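Just so we're clear, the structure is a prediction, and the values are computed from it rather than from any experiment.
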Amino acid sequence: MGKVGAIIADVVFGYVSKQATFFLSAAFGLAGACVTWLFLPDTTGLSLDELDRMAKYMLAGEFEHYHGEGVNPRHLSTWERWVLKWDRHYDPGMDEKHKVLQLAQLQELNEGA
């Protein structure tokens, strides 16, 4: 997608003035910053295991039962907090109980095999 954007920019900037090129670049830069702020979550400090756990709940259609660090408001994007309201699922105590249950189930599977 980046190469297509570069080709489009090259063609468009060839037909407009230098002033228009400057303002178009500024507008697209601002639009990119807004999209980043709105949709990109901050996963700093989250382990890949925790992201994988959250994804498993999503894929199983049971995301409302996930209460882990992945839905901590500090890790969510603005869209996920304000529109999807995922931050209301965050409950470290409940998450700890789910982890204990999941480990017990995993041990039962390992012992039965």
With a 4.5 Å limit on heavy-atom distance, are the side chains of Leu48 and Leu51 in contact?
yes

How many angstroms lie between CD in Gln19 and CG in Leu24, if you round to the nearest 0.5 Å?
11.0 Å

Could you state whether Leu30 and Phe23 fall into the same hydrophobic cluster, counting links through intermediate Ile, Leu, Val, Met, Phe, Trp or Tyr residues with side-chain heavy atoms under 4.5 angstrom apart?
no

With sequence neighbours excluded, give me every side-chain hydrogen bond (donor to acceptor under 3.5 Å, both in side chains) pair touching residues 24-41.
none

Between Glu80 and Pro41, which heavy-atom pair has the shortest distance, and what is it?
OE1-CB, 3.8 Å

Do Phe39 and Leu76 share a hydrophobic cluster (ILVMFWY, side-chain heavy atoms under 4.5 Å, transitive)?
yes

Between the side chains of Asp42 and Thr44, does any donor sit under 3.5 Å from an acceptor?
yes

Residue pair Pro73 / Asp87: nearest heavy atoms and the distance that separates them:
CG-CB, 3.6 Å

Backbone N/O of Ala20 and side chain of Ser17: donor-acceptor pair under 3.5 Å:
yes

Just to verify, which of Tyr66, Trp79, Phe63 counts as forming a ring pair (Phe, Tyr, Trp, His ring centres under 6.0 Å) with Trp86?
Phe63

Step by step, work out the side-chain contact (heavy atoms from CB on, under 4.5 Å) result for Tyr90 and Glu69.
CA-CA 7 Å; Tyr90 181 59; Glu69 196 62 28; 3.1 Å; yes

For atom CD of Glu64, decide whether the heavy atoms of other residues, nucleotides or ligands shown that lie under 6.0 angstrom number more than 12.
yes

What about Val35 and Val83, same hydrophobic cluster or not, with Ile/Leu/Val/Met/Phe/Trp/Tyr joined at side-chain heavy-atom distances under 4.5 Å?
yes

Distance, nearest 0.5 Å, that separates CZ of Arg81 from CG of Asn72:
10.0 Å

Can you check whether His65's main-chain N or O pairs, donor with acceptor, with His98's side chain at less than 3.5 Å?
yes

Atom CD in Glu96, atom CG in Leu101: separation rounded to 0.5 Å?
10.5 Å

Would Phe28 and Leu38 show up in the same hydrophobic cluster when neighbours are defined by side-chain heavy atoms closer than 4.5 Å?
no

Under 3.5 Å, sequence neighbours excluded: what are the donor-acceptor pairs made by side chains of residues 52-62?
residue : atom : partner : partner atom : Å
Arg53   : NE   : Gln102  : OE1          : 3.4
Arg53   : NH1  : Glu50   : OE1          : 3.4
Arg53   : NH1  : Glu50   : OE2          : 3.0
Arg53   : NH1  : Asp95   : OD1          : 3.1
Arg53   : NH2  : Asp95   : OD1          : 2.6
Tyr57   : OH   : Gln102  : NE2          : 2.7

Please indicate whether Lys99 has more than 12 foreign heavy atoms, meaning atoms of other residues, nucleotides or ligands, lying under 6.0 Å from its NZ.
yes

